[in-house]
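Values below: every heavy atom of this structure, side chains too, minus hydrogens, waters and symmetry copies. FYI, the numbering just counts along the sequence from 1.
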Amino acid sequence: QTEVENANAELNKRNRQLRDQSKQLQLSERNFRVLLEQNVDGMVVVDRRGLVRFINTTGQILLRQSSAEVIGKPFEFPVAAEATSEVNIKRPEWEAIIAELRAADAVWEGESALVISLRDITQRKRDEQKIREQQHKLELVNTQLEALATQDGLTGLQNHRVFKERLEEECQRAVRYRLPLSLVLL
(Lines give C-alpha, C1' and ligand atoms only; values in the text may rest on other atoms or scores of the structure.)
Protein backbone atom coordinates (compact mmCIF):
# COMPACT_ATOMS: atom_id res chain seq x y z
CA GLN A 1 0.00 0.00 0.00
CA THR A 2 2.89 2.39 0.67
CA GLU A 3 4.20 1.76 -2.80
CA VAL A 4 0.83 2.70 -4.31
CA GLU A 5 0.64 5.83 -2.13
CA ASN A 6 4.17 6.87 -3.15
CA ALA A 7 3.36 6.34 -6.84
CA ASN A 8 0.10 8.27 -6.43
CA ALA A 9 1.92 11.14 -4.67
CA GLU A 10 4.54 11.19 -7.45
CA LEU A 11 1.81 11.26 -10.12
CA ASN A 12 0.04 14.13 -8.32
CA LYS A 13 3.33 16.03 -8.09
CA ARG A 14 4.03 15.58 -11.82
CA ASN A 15 0.43 16.49 -12.63
CA ARG A 16 0.85 19.80 -10.75
CA GLN A 17 4.14 20.45 -12.56
CA LEU A 18 2.49 19.80 -15.93
CA ARG A 19 -0.39 22.15 -15.08
CA ASP A 20 2.06 24.84 -13.99
CA GLN A 21 4.13 24.41 -17.14
CA SER A 22 0.98 24.44 -19.26
CA LYS A 23 -0.11 27.72 -17.64
CA GLN A 24 3.35 29.21 -18.22
CA LEU A 25 3.28 28.08 -21.83
CA GLN A 26 -0.18 29.61 -22.37
CA LEU A 27 0.96 32.86 -20.76
CA SER A 28 4.09 32.90 -22.91
CA GLU A 29 2.01 32.29 -26.03
CA ARG A 30 -0.41 35.10 -25.09
CA ASN A 31 2.55 37.45 -24.54
CA PHE A 32 4.00 36.44 -27.90
CA ARG A 33 0.68 37.12 -29.65
CA VAL A 34 0.39 40.51 -27.91
CA LEU A 35 3.90 41.42 -29.09
CA LEU A 36 3.02 40.46 -32.65
CA GLU A 37 -0.39 42.12 -32.67
CA GLN A 38 0.59 45.31 -30.85
CA ASN A 39 3.86 45.83 -32.72
CA VAL A 40 4.17 49.27 -34.32
CA ASP A 41 5.62 47.58 -37.41
CA GLY A 42 3.57 45.46 -39.73
CA MET A 43 4.48 41.80 -39.21
CA VAL A 44 3.80 39.21 -41.90
CA VAL A 45 4.72 35.53 -41.95
CA VAL A 46 5.20 34.04 -45.41
CA ASP A 47 5.82 30.34 -46.00
CA ARG A 48 8.38 29.01 -48.50
CA ARG A 49 5.75 28.86 -51.23
CA GLY A 50 5.30 32.63 -50.82
CA LEU A 51 1.87 32.37 -49.20
CA VAL A 52 0.91 34.61 -46.28
CA ARG A 53 0.35 32.62 -43.09
CA PHE A 54 -0.06 35.49 -40.61
CA ILE A 55 -0.44 39.28 -40.64
CA ASN A 56 -0.77 41.56 -37.63
CA THR A 57 -3.08 44.56 -37.30
CA THR A 58 -0.41 47.09 -38.31
CA GLY A 59 0.37 45.01 -41.39
CA GLN A 60 -3.29 45.06 -42.36
CA ILE A 61 -3.36 48.84 -41.95
CA LEU A 62 -0.20 49.32 -44.04
CA LEU A 63 -1.36 46.97 -46.80
CA ARG A 64 -4.92 48.27 -46.49
CA GLN A 65 -6.22 44.73 -46.57
CA SER A 66 -7.83 42.53 -43.95
CA SER A 67 -6.24 39.28 -42.83
CA ALA A 68 -8.98 37.41 -44.72
CA GLU A 69 -7.85 39.15 -47.92
CA VAL A 70 -4.18 38.16 -47.58
CA ILE A 71 -3.88 34.92 -45.58
CA GLY A 72 -3.38 31.97 -47.89
CA LYS A 73 -2.58 34.24 -50.83
CA PRO A 74 0.82 35.12 -52.35
CA PHE A 75 2.68 38.00 -50.72
CA GLU A 76 2.69 40.84 -53.24
CA PHE A 77 6.29 42.04 -52.82
CA PRO A 78 9.57 40.28 -53.60
CA VAL A 79 11.29 39.15 -50.41
CA ALA A 80 14.76 37.83 -49.63
CA ALA A 81 15.88 36.64 -46.22
CA GLU A 82 18.21 38.95 -44.31
CA ALA A 83 17.58 41.73 -46.83
CA THR A 84 16.12 45.21 -46.51
CA SER A 85 14.28 46.98 -49.29
CA GLU A 86 11.81 49.77 -49.86
CA VAL A 87 8.42 49.07 -51.37
CA ASN A 88 5.67 51.34 -52.64
CA ILE A 89 2.27 50.28 -51.37
CA LYS A 90 -0.42 51.59 -53.68
CA ARG A 91 -4.14 51.04 -53.33
CA PRO A 92 -7.01 52.68 -55.20
CA GLU A 93 -8.51 55.63 -53.33
CA TRP A 94 -5.53 55.76 -50.91
CA GLU A 95 -2.35 57.78 -50.85
CA ALA A 96 0.71 55.68 -51.69
CA ILE A 97 2.91 54.59 -48.78
CA ILE A 98 6.63 53.92 -48.81
CA ALA A 99 7.53 51.05 -46.49
CA GLU A 100 10.81 49.55 -45.41
CA LEU A 101 10.60 45.77 -45.79
CA ARG A 102 12.91 43.48 -43.85
CA ALA A 103 12.79 39.70 -43.78
CA ALA A 104 14.36 37.01 -41.64
CA ASP A 105 14.29 33.23 -41.71
CA ALA A 106 12.00 31.66 -39.13
CA VAL A 107 9.98 28.59 -38.29
CA TRP A 108 6.22 29.09 -38.17
CA GLU A 109 4.00 26.29 -36.94
CA GLY A 110 6.79 23.82 -37.55
CA GLU A 111 7.54 24.90 -41.12
CA SER A 112 10.28 27.03 -42.64
CA ALA A 113 9.05 30.58 -43.25
CA LEU A 114 10.04 34.22 -43.47
CA VAL A 115 9.06 36.81 -40.88
CA ILE A 116 8.63 40.13 -42.63
CA SER A 117 8.64 43.52 -40.97
CA LEU A 118 6.98 46.45 -42.72
CA ARG A 119 7.68 49.97 -41.41
CA ASP A 120 5.99 53.06 -42.83
CA ILE A 121 8.81 55.43 -43.83
CA THR A 122 6.70 57.77 -45.96
CA GLN A 123 7.16 60.78 -43.69
CA ARG A 124 10.88 60.13 -43.34
CA LYS A 125 11.23 60.03 -47.14
CA ARG A 126 9.26 63.29 -47.47
CA ASP A 127 11.48 64.90 -44.84
CA GLU A 128 14.63 63.67 -46.60
CA GLN A 129 13.35 65.14 -49.89
CA LYS A 130 12.64 68.48 -48.19
CA ILE A 131 16.15 68.47 -46.73
CA ARG A 132 17.66 67.79 -50.17
CA GLU A 133 15.61 70.64 -51.66
CA GLN A 134 16.65 73.00 -48.86
CA GLN A 135 20.32 72.00 -49.29
CA HIS A 136 20.08 72.75 -53.01
CA LYS A 137 18.54 76.16 -52.30
CA LEU A 138 21.23 76.85 -49.71
CA GLU A 139 23.97 75.97 -52.20
CA LEU A 140 22.46 78.39 -54.73
CA VAL A 141 22.24 81.16 -52.14
CA ASN A 142 25.83 80.51 -51.04
CA THR A 143 26.99 80.78 -54.64
CA GLN A 144 25.16 84.10 -54.97
CA LEU A 145 26.62 85.34 -51.68
CA GLU A 146 30.11 84.39 -52.79
CA ALA A 147 29.61 86.37 -56.01
CA LEU A 148 28.31 89.36 -54.02
CA ALA A 149 31.29 89.18 -51.68
CA THR A 150 33.87 89.14 -54.48
CA GLN A 151 32.37 91.28 -57.25
CA ASP A 152 31.59 94.94 -57.45
CA GLY A 153 27.83 95.26 -57.81
CA LEU A 154 28.07 98.21 -60.23
CA THR A 155 30.85 97.11 -62.59
CA GLY A 156 30.79 93.33 -62.12
CA LEU A 157 34.57 93.40 -61.71
CA GLN A 158 36.36 91.71 -58.86
CA ASN A 159 36.40 93.94 -55.81
CA HIS A 160 39.02 95.15 -53.32
CA ARG A 161 38.58 92.03 -51.18
CA VAL A 162 39.64 89.75 -54.06
CA PHE A 163 42.55 92.10 -54.77
CA LYS A 164 43.79 91.82 -51.17
CA GLU A 165 43.40 88.01 -51.11
CA ARG A 166 45.23 87.62 -54.41
CA LEU A 167 47.99 90.01 -53.29
CA GLU A 168 48.47 87.97 -50.09
CA GLU A 169 48.69 84.72 -52.10
CA GLU A 170 51.28 86.21 -54.45
CA CYS A 171 53.34 87.60 -51.54
CA GLN A 172 53.39 84.17 -49.90
CA ARG A 173 54.38 82.54 -53.19
CA ALA A 174 57.22 85.06 -53.68
CA VAL A 175 58.56 84.38 -50.17
CA ARG A 176 58.19 80.58 -50.50
CA TYR A 177 60.04 80.41 -53.85
CA ARG A 178 62.32 83.41 -53.13
CA LEU A 179 61.12 85.26 -56.19
CA PRO A 180 60.85 89.01 -56.71
CA LEU A 181 57.39 90.54 -56.65
CA SER A 182 56.29 93.61 -58.56
CA LEU A 183 53.04 95.48 -58.25
CA VAL A 184 51.76 98.06 -60.73
CA LEU A 185 48.72 100.14 -59.82
CA LEU A 186 46.88 102.31 -62.30
Side-chain angles (χ1 to χ4, degrees), residues 1-139 142:
Q1 196 172 15
T2 322
E3 214 175 289
V4 171
E5 289 174 351
N6 287 341
N8 196 22
E10 183 64 29
L11 283 174
N12 285 334
K13 178 182 171 186
R14 288 187 183 196
N15 224 0
R16 281 190 302 275
Q17 288 174 340
L18 282 174
R19 275 195 302 264
D20 290 345
Q21 288 175 348
S22 179
K23 285 179 185 177
Q24 289 175 346
L25 184 59
Q26 288 172 353
L27 179 63
S28 177
E29 188 172 314
R30 277 195 302 269
N31 288 340
F32 175 72
R33 287 287 178 177
V34 166
L35 283 174
L36 277 177
E37 285 298 331
Q38 302 302 316
N39 198 317
V40 295
D41 289 344
M43 302 298 293
V44 182
V45 177
V46 175
D47 66 20
R48 288 301 174 183
R49 295 171 300 188
L51 303 178
V52 176
R53 301 283 301 274
F54 170 84
I55 184 166
N56 71 351
T57 304
T58 306
Q60 293 173 54
I61 292 168
L62 287 174
L63 294 178
R64 295 181 179 100
Q65 294 178 311
S66 69
S67 60
E69 293 174 291
V70 294
I71 291 183
K73 298 198 174 79
F75 189 61
E76 63 184 289
F77 301 105
V79 181
E82 311 307 325
T84 302
S85 61
E86 290 178 8
V87 293
N88 290 314
I89 302 172
K90 298 176 185 174
R91 295 285 179 267
E93 301 175 18
W94 292 89
E95 184 180 351
I97 292 175
I98 302 169
E100 179 182 76
L101 184 147
R102 299 179 72 193
D105 287 315
V107 175
W108 184 263
E109 297 176 347
E111 294 182 23
S112 179
L114 289 171
V115 174
I116 300 166
S117 168
L118 290 167
R119 176 172 292 169
D120 185 350
I121 59 170
T122 307
Q123 189 59 48
R124 182 177 84 196
K125 288 296 188 179
R126 287 180 186 149
D127 293 344
E128 288 172 355
Q129 181 60 34
K130 285 179 185 176
I131 289 170
R132 281 191 295 276
E133 290 169 2
Q134 291 299 322
Q135 284 175 330
H136 180 67
K137 287 178 184 177
L138 187 59
E139 289 169 2
N142 282 339

(request) Inspect the contact between Arg124 and Glu128 and indicate whether a charged nitrogen and a carboxylate oxygen are less than 4.0 angstrom apart. (result) yes

(request) Please check if atom CZ in Arg53 has more than 12 non-hydrogen atoms from other residues, nucleotides or ligands closer than 6.0 Å. (result) yes

(request) Indicate yes or no: at least one non-hydrogen side-chain atom of Gln21 is less than 4.5 angstrom from one of Leu18. (result) yes

(request) State, yes or no, whether a side-chain contact exists between Phe77 and Ile89 at a heavy-atom distance under 4.5 Å. (result) yes

(message) Show the nearest heavy-atom pair for residues Gly72 and Leu51, with the distance to one decimal.
(response) O-CD2, 3.7 Å

(message) Filter on salt bridge (Lys or Arg N to Asp or Glu O under 4.0 Å), then keep only pairs touching residues 62-86, sequence neighbours left out; what's left?
(response) Glu76-Arg91, Glu86-Lys125

(request) For Asn88, enumerate each residue passing the side chain to side chain contact (heavy atoms under 4.5 Å, CB included) test, keeping only those at least two apart in sequence or located in another chain. (result) Lys90, Ile98

(request) Using atom types as modelled and distance alone, determine if a side-chain donor or acceptor of Gln60 lies under 3.5 Å from a backbone N or O of Ser67. (result) yes

(request) Examine the side chains of Gln123 and Asp127 and answer whether a donor and an acceptor come within less than 3.5 Å of each other. (result) yes

(request) Supply the atom-to-atom distance Thr57 OG1 to Leu62 CG, rounded to the nearest 0.5 angstrom. (result) 11.0 Å

(message) If I take atom CG from residue Leu11 and atom CZ from residue Arg16, how far apart are they, to the nearest 0.5 angstrom?
(response) 11.0 Å

(message) Quiz question: by atom type and distance under 3.5 Å, do the side chains of Gln129 and Glu133 form a donor-acceptor pair?
(response) yes

(message) My understanding is that only one of Leu118, Val52, Thr58, Ile97 makes a side-chain contact (heavy atoms from CB on, under 4.5 Å) with Leu63; could you say which?
(response) Leu118

(request) Might you point out which heavy atoms bring Ser112 and Arg48 nearest each other, and give the distance in Å? (result) OG-NE, 2.8 Å

(message) For a quick test of reading the model, state the closest non-hydrogen atom pair linking Thr122 to Ala96 and the distance between them.
(response) CG2-O, 4.4 Å

(message) To check you understand the geometry: which heavy-atom pair defines the closest contact between Ala80 and Ala103, and what is its length?
(response) O-CB, 3.6 Å

(message) With rounding to the nearest 0.5 angstrom, report the CD1 to CG distance, Ile131 to Leu138.
(response) 12.5 Å

(request) Could you tell me whether the side chain of Asn56 and the main chain of Asp41 form a donor-acceptor pair under 3.5 Å? (result) yes

(request) From the options Thr84, Val44, Ile116, select the one residue that forms a side-chain contact (heavy atoms from CB on, under 4.5 Å) with Leu101. (result) Ile116

(request) Answer yes or no: does atom CZ of Arg132 have more than 12 heavy-atom neighbours from other residues, nucleotides or ligands under 6.0 Å? (result) yes

(request) Any chance you could measure Asn8, atom CG, to Glu5, atom CD, to the nearest 0.5 Å? (result) 8.5 Å

(message) Taking the side chain as everything from C-beta on, heavy atoms only, tell me whether Met43 gets closer than 4.5 Å to Val115.
(response) yes

(request) Measure the spacing between CD of Glu29 and CG of Leu25 and express it to the nearest 0.5 Å. (result) 6.5 Å

